[in-house]
Amino acid sequence: MSRAEIRITGFGGQGVVLSGHIVGHAYAVNAGHHATMIQSFGPEARGSACSTMLSISEEEVLYPYIRRPDIFVVMSSEGYEKYCDELKDDGTLIYEKDLVEPQPKKGQKAFGVPSTRIAESLGRTIVQNIVMVGFFTGVTGIVSREDMRKAVEASVPSGTEELNLKAFDAGWDYYQTEYGEGGDSKDEEPQEKAEEEGKEDR
Amino acid sequence: MKFWRKPLDYDKVSVPHGTVTIIKDRCKGCGFCVEYCPKDVLVMSEGFNKKGYHPPEVVKEGECVNCNLCEMICPDFAIFSVAIPEDEAPENEEEASEEGELDDED
Amino acid sequence: MSNVKQKVRAEEAEHPIAPYLRMDRIPHIWCPTCGIGTVVKCYATALEEAEVDLDKTAIISGIGCTGRVAGYMKLDAFHTTHGRAIPFGTGLKLGRPELNVTVFSGDGDLVGIGGNHFIHAARRNIDLLVILVNNFIYAMTGGQNAPTTPLVARSSTMPFGNYEAPFNIPNLAKCCGATYVARWTCLHIRRVTKAFREALGKKGFRVIEVITPCATLYSRLNKLGTGLDLMKFYHDEADICHGADTRDVEIDFQSRIVCGKFVDEEKPTFSERREEHYRNKLGDDFVGMPSEGGWLHE
Amino acid sequence: MKTDPAGVLTGTHYFDGDWACGEGAMAAGCRFVAGYPITPSTEVVERISGRFPTMGGTFIQMEDELGSMAAVVGAAWTGTKCMTVTSGPGFSLMMENIGLGAMMETPCVVVNVQRGGPSTGLPTMTGQADIMQARWGSHGDYELISLSPQSPQEAFDLVIEAFNLSELYRVPVMFMMDECVGHMTEKVIIPPAEEIEIVQRKLSDKSPEEYLPYDFEGKEIPEIIRAGDGYRFHTTGLTHDKRGYPVMSAECQEFNVRHLVDKIRQNADDIVRYDEEQIDGADVVVIAYGITARVTRMAIDMAREKGVKVGFMRLIVVWPFPEKRIRELAGNVKGFVVPEINYGQVVLEVERCAAGKSTTVGVPHGGGGVHDPEVILEAIMGAAQ
């Protein structure tokens, strides 16, 4: 992939920036390519429209902004309305099924996941974004499941790794069940493998 | 009202003595040393120093008790006293009254 | 105490303060009867009596008449910007924790333009000795109103008398957390020296206010006579009242000046509190700032 | 000199520019930081305040930026490497003591993560409008050094350079990031401590009797010492002689200020740093710095596709300005194009150096975002005519 642009949007508090950070970390650090993340947010700490932009490339990213995203991840209807027009005509839309009612153009692929509901079923709404990252990984395949899991583990607050990996797997599984070739892929890799990876403190 | 009681060891207590040195040209003539010297050792002189101030002069040589008050209060570092060593004059180990300037003055 | 000095008869005899001053800069710039020089002498005497390591003692001044003090002391001396002596000293103290740092500056500098730094350094209990010389006016710039000018006193910018309430400095210092608070006038040479000596041996944010005469401006604008007249006024109107409630020590125009030591308590300094906190939180992972300064000194 | 391993977080990370800058400072040996929170710079000190307690450094959040900068100048005189971090409004407040730092010849680093201004402006959005302030912001004559990184990796690498330059020239160095670079997250590779070159402060070995703090005759940079070593020196923000004593005269002002200016101007060739790309034979040279340098590359690619011969010059050190190089290019190229996120600052310097021999076209932007590459392209096409 020479260059792909990704926009992730939602409302403040949904962990939009963290999910962008995880995707970028997985692609740049774990997979060894380049990923530039830019964030924009309002001055409010919670509830406002929040958006993060990622430019990923196998070569160094020069222009750090996105213009027509290839992938649009949307976790709030406000964010959808604000940015839906910029998605490429053959772009990929990934959305929160219960919060967003998308009307994708012809040629655009759309994948929905009830990430908030799944997070609730795991006991913590706050991991909704990680469910989304798991689902995103399944849909896009831009990095391996294992590289993304490692990025989740390295990026979430220490002590919450287990819950977050569970959330990640739930998102991944949802994709496999709903859109994949039917296979439940939990047996792929031993989940503890990532632990030896040096933990970053962010 | 104050009562002056003669200490029992009065004959053994020696009064310290000092010599006053005035660095005339550093003086700015404020008069603090003259005003507050407990023994009235100093007066403002009639003469001028280089800068046109009247520096103090010693008028009661031998009366100085080396209390250092002039040295301490002088804002211009222009006056100081040194103790006369014991072999030249009897001296007391005690410092000048800790009660200080407010009571000593006049 | 090395009170017995060698007998010197020569006319060019050197003053005992000489080792503490940059004698090549004396005579100083202060006016006749200005009391700042007296406070400097008391500070030098206190340094001698407290036997502090002069090589490890730094002095910092801001701007103004008293702001010139750092320039005359033979110590590591910093003449900084207006109002910033306290934060400059904070950097110096935290950068090399073994230093003894004295901030020696005026009322306008420390509680006027530098007021915000004063209250926060007190709140944090930064380990600084603050000598605040209060002459009730901005003297170096020509007698403008100061945050300490008493009500009704005249200044060049309050030609009909001051109508702003002044700071009560001991109360300000105490309320913000200073660990040692005293006030004297420069007539109280032995008391001032003793306060300096005592405070040099303590830790924390220590504030000593010294009232000094400004004959050139404050006295002239208010028709109070010479500096000597002001000294006599201090003699008549200074009440020594150790431990007085600092709320009661405000200074009105030409009225009673309550002097004494008002606060003397032990409290952990900024650095002590920081270190203790991190030791509790981080255990052996905590690495304190080396006393001679941060990493990299051959 | 190699750095202290305790400050170096060797490895491959995914950091934003602010964190990378904080890591770079710690790798450079910085062990004292005083600051006041201000968007978008705060992440730098947040990073540092989390790491300092385990490496013998002290962070203090001061009451304001006036105090922060004063504390940094004070700490610099203890020999501890130090830094403060701010953004536009705080940078304005720091100017007073940046001047003091310049006057006292104090090595330290000031990070400004630029946002939109004037006044409170756009706290969370980008700008490059403080770049002239970095040079002229404090009153009086002096010269400082300013650097401008274009990426988180460069924020790490270049802040180390900022510390090195501050030591070499005894000046406060302005580290002029912008919100985009500060909040941009990318891969940052931190090498092992032994591979990082740092300049250690060289304390004078003269005795206290012979040492003079501002004796620069015969050398460009006066030797430095620190408080607490027995020198009992004096320094002041007033015009001073070689002893550091105030002297109020035109002669001393000349002696003092000319030195402050000359020590940078006369060493400009050593300090100046820029990247060049396809300058030879170019008709148009685009000059940019910081985030704008990255945006510009897309416009340059577009222009080359249209057959225009475009060269590119990226300023890494903005002040001192690469006057000599631009004077050389002037006359050989048709035009200079200078995009920057302000209404015309560095472009004026380029125009001055071009001296009418080449046209100079500014591409201003008010801030809050970056240029559309098409706008820069249009300027390039215009300059190529």
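Residue numbering restarts at 1 for every chain, and letters A, B, ... go by the order of the sequence lines.
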As an exercise, state the distance from CD1 of C/I17 to CZ of B/F80, rounded to the nearest 0.5 Å.
12.0 Å
Looking only at heavy atoms, what is the nearest atom pair of C/H15 and B/A78, with distance?
CD2-N, 4.1 Å
What residues, two or more places apart in sequence or in another chain, satisfy side-chain hydrogen bond (donor to acceptor under 3.5 Å, both in side chains) together with C/Y72?
none
How long is the gap from OG1 on B/T21 to CD on C/E14, to the nearest 0.5 Å?
10.5 Å
Kindly check if the number of other-residue, nucleotide or ligand heavy atoms within 6.0 Å of CZ (B/R26) is above 12?
yes
As an exercise: rank C/C186, C/P32, C/C31 by heavy-atom pairs under 4.5 Å with chain B and give me the winner.
C/P32
Given a strict heavy-atom distance threshold of 4.5 Å, which part of C/T226 is in contact with chain B: side chain, backbone, both, or neither?
neither
C/H28 side-chain N/O to B/F77 backbone N/O, donor-acceptor pair under 3.5 Å:
no
Identify the heavy atoms of C/T38 and B/M72 that sit nearest to each other, and give their distance.
CG2-O, 3.4 Å
Please determine whether the number of non-hydrogen atoms from other residues, nucleotides or ligands lying under 6.0 Å from atom NZ of B/K39 exceeds 12.
no
With a 4.5 Å cut-off on side-chain heavy atoms, are B/F32 and C/T33 touching?
yes
I'd like to know if the side chain of B/K28 reaches the main chain of C/C34, judged simply by a donor and an acceptor atom lying under 3.5 Å from each other, with no hydrogens or angles considered.
no
Is any residue of residues 43-51 of chain B within less than 4.5 Å of chain C by heavy atoms, and which ones?
B/K51
Note, C/K41 side chain near B/I73 side chain (heavy atom, < 4.5 Å):
no
